[in-house]
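Per chain, numbering begins at 1; letters A, B, ... match sequence-line order. All of these numbers come straight from a predicted model, not from anything done at the bench. Values reported hereafter were calculated over all heavy atoms of this structure, with side chains retained and with hydrogens, waters and symmetry mates removed.
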Protein chains: 2
Amino acid sequence: MAKREKISMSVIRRLPRYYRFLGLLESHGIVRISSKDLAARMGVNASQIRQDFNCFGEFGQQGYGYMVSRLRETTGEILGLHNAYKAVVVGAGNLGRAITSHISFERHGFFLAGIFDNSPQKIGTFIHDVPVFDVAELEAFCKREKPVMAAICVPLSAAGRIADTLYSCGVRSFWNFTHYDIAMEYSDAIVENVHLNDSLMTLCYRISNPEQKASL
Amino acid sequence: MAKREKISMSVIRRLPRYYRFLGLLESHGIVRISSKDLAARMGVNASQIRQDFNCFGEFGQQGYGYMVSRLRETTGEILGLHNAYKAVVVGAGNLGRAITSHISFERHGFFLAGIFDNSPQKIGTFIHDVPVFDVAELEAFCKREKPVMAAICVPLSAAGRIADTLYSCGVRSFWNFTHYDIAMEYSDAIVENVHLNDSLMTLCYRISNPEQKASL
DNA sequence: TAGATTGTTAATCGATTAACAATC
DNA sequence: TAGATTGTTAATCGATTAACAATC
């Protein structure tokens with residue numbers, strides 16, 4: 001991890017896919033790989049792969065290629081997956097429960113400290129060993145535990161209030177599943193939006209206009 | 001809906017957000033709006049808004065602006081939201097149940113005809129009035145009902161088999177929540193991927209490298 | 001050494017933003 | 001009419017791809 005000037009989001013959003021493919025190669029017992037070979041497997045351009053990794057340093061060997069396991073480890077370090085940022089999930093509906101397993105099971109940089117909901121049936125239960133608390137306790141919990149990240153899985157009508165509470169307690173990064181525009185409201189927040197409706201509408205467009213091809 | 005040459009995915013992925021904001025304006029009783037005003041509210045560039053809509057025709061009036069409700073309707077038509085493409089959801093876990101409501105409740109271009117799972121507890125039940133069938137019946141169902149789109153919410157280990165089955169029955173568009181690479185496997189398929197892990201890792205990167213700012 | 005493949009610069013391509021004439 | 005704002009062309013900016021010298 002050497003250079004590090006100003007990495008574009010385009011590059012960053014490709015890193016998780018590299019990480020995944022490198023893990024797959026490793027599990028297949030492949031020890032080294034050239035950018036050309038990796039590009040062919042991933043359906044991308046070899047120049048792009050070399051450019052992308054060179055944003056962070058020199059990880060290859062001329063005439064030889066890249067060591068799969070070292071490149072995978074490095075990619076994980078660049079992404080920061082060795083961290084255990086304290087996180088909370090707000091909203092324990094189907095979506096909240098679904099993403100709970102993403103945050104807590106996989107080793108993806110986070111540690112899930114609590115889930116918050118307003119349903120008496122859910123409060124006091126556990127989801128993947130993580131306790132579900134009353135959302136009324138969210139503020140006290142955040143002031144005490146200082147989570148770094150919050151996943152927002154509540155109805156739109158509640159999103160603004162929840163975001164305000166979290167922000168006022170010092171939470172500055174959000175995994176946002178609502179259409180509430182946290183990034184516009186708090187310009188210093190780091191917001192990763194997952195807009196399922198937008199994705200579904202995009203799919204609808206592409207079905208309705210099949211001349212388009214491009215994917216990702 | 002006039003021109004229509006070759007619209008870039010960048011433009012298309014912005015349409016759902018326009019649609020949402022226009023709906024919001026309409027519900028606030030705002031009748032007309034200029035690209036400048038809309039741009040300020042959305043945090044984007046006014047030129048971009050005019051360029052984007054002009055891909056599809058001329059919807060404004062010089063010196064005046066755009067009629068909110070007409071522009072919203074038009075955007076919905078462009079996206080194809082008036083359709084009711086027959087769809088199935090495969091996998092009735094938390095994620096499958098969460099997206100079921102997105103497909104069936106909202107008027108977003110699809111009609112959800114069935115949900116498939118392998119759990120005896122779930123087979124025979126209903127989720128938002130949509131029946132849950134045995135995944136063993138998926139092939140017969142698809143041959144009979146000819147769904148256009150399938151949402152894939154199964155574990156990675158099952159994804160390849162499910163995709164093969166669906167493709168062989170004629171399904172060519174997929175809302176894919178797994179990391180199985182349908183688009184690489186079937187080059188004529190329309191695939192909209194939702195990679196929650198990738199999104200989470202990107203968030204982890206941005207928390208670990210706070211010098212970066214850009215969002216969306 | 002010869003062959004292969006990186007790291008990196010240069011060329012191309014596409015997307016965003018600015019400018020302005022057309023026109024309501 | 002004058003002022004405002006579109007539709008559209010031109011300029012800028014950034015991202016992708018190609019080329020190739022460095023070097024293992």
Selected nucleotide, minimal atom distance to A/Gln62 side chain, candidates D/dG7, C/dT17, C/dT6: C/dT6

Secondary structure string for DNA chain C (Watson-Crick or G-U under 3.5 angstrom, | for other-strand pairs): ..||||||||||||||||||||||

Taking only the side-chain nitrogens and oxygens of B/Tyr66, find out if one of them lies under 4.0 Å from OP1 or OP2 of D/dA4. no

Residue list, ring pair (Phe, Tyr, Trp, His ring centres under 6.0 Å) with B/Tyr180, at least two apart or on another chain: none

Tell me whether the guanidinium CZ or amine NZ of A/Arg72 lies under 6.0 angstrom from the six-membered ring centre of A/Tyr19 and within 45° of its axis. yes

Here the residues of residues 26-42 of chain B within 4.0 Å heavy-atom distance, strictly under, of DNA chain D are B/Ser34, B/Ser35

Taking the six-membered ring of A/Phe59 as reference, does the cationic atom of A/Arg70 (NZ for Lys, CZ for Arg) lie under 6.0 Å from its centre and within 45° of its axis? no

Residues at least two apart in sequence or cross-chain that pass salt bridge (Lys or Arg N to Asp or Glu O under 4.0 Å) with A/Lys146, listed by chain then number, are none

For a quick test of your reading: what N or O donor-acceptor pairs under 3.5 Å do the side chains of residues 40-47 of chain A make, sequence neighbours left out?
from, atom 1, to, atom 2, distance (Å)
A/Arg41, NE, A/Asp37, OD1, 3.2
A/Asn45, OD1, A/Ser47, N, 2.7
A/Asn45, OD1, A/Gln48, N, 3.4

Of all pairs that satisfy salt bridge (charged side-chain N to carboxylate O under 4.0 Å, His left out), the ones with a partner from residues 176-187 of chain A, not counting sequence neighbours: A/Asp181-B/Arg17

For A/Phe141, which residues count as a ring pair (Phe, Tyr, Trp, His ring centres under 6.0 Å) partner, sequence neighbours excluded? A/Phe116, A/Phe133

Any side-chain N or O of B/Asn54 below 4.0 angstrom from OP1/OP2 of D/dT6? no

Pairwise side-chain hydrogen bond (donor to acceptor under 3.5 Å, both in side chains) hits with a residue in residues 85-94 of chain A, at least two apart: A/Asn83-A/Tyr85, A/Tyr85-B/Ser208, A/Lys86-A/Glu145, A/Asn94-A/Arg97, A/Asn94-B/Arg97

Think A/Gln61 has a side-chain N or O under 4.0 angstrom from the OP1 or OP2 of D/dC24? no

Going by the rule salt bridge (Lys or Arg N to Asp or Glu O under 4.0 Å), which residues pair with A/Arg50 if we only count those two or more places apart in sequence or in a different chain? none

Within the structure, does a side-chain N or O atom of A/Arg50 lie under 4.0 Å from either OP1 or OP2 of D/dA19? no

Which residues satisfy the ring pair (Phe, Tyr, Trp, His ring centres under 6.0 Å) test with A/Phe177, sequence neighbours excluded? A/Trp175

Under 4.0 Å between any heavy atoms, over every strand shown, what does A/Ser10 touch: base, sugar-phosphate, or nothing? Just pick one. sugar-phosphate

Under-3.5 Å N/O pairs linking protein and nucleotides 9-11 of chain D:
from, atom 1, to, atom 2, distance (Å)
D/dT9, O4, B/Gln51, NE2, 2.8

Considering only distance and modelled atom types, tabulate donor-acceptor pairs under 3.5 Å from the side chains of residues 158-168 of chain B, sequence neighbours left out.
from, atom 1, to, atom 2, distance (Å)
B/Asp164, OD1, B/Tyr186, OH, 2.4
B/Thr165, OG1, B/Arg161, O, 3.0
B/Tyr167, OH, B/Asp188, OD1, 2.6
B/Tyr167, OH, B/Asp188, OD2, 3.1
B/Ser168, OG, B/Asp164, O, 3.4
B/Ser168, OG, B/Thr165, O, 2.8

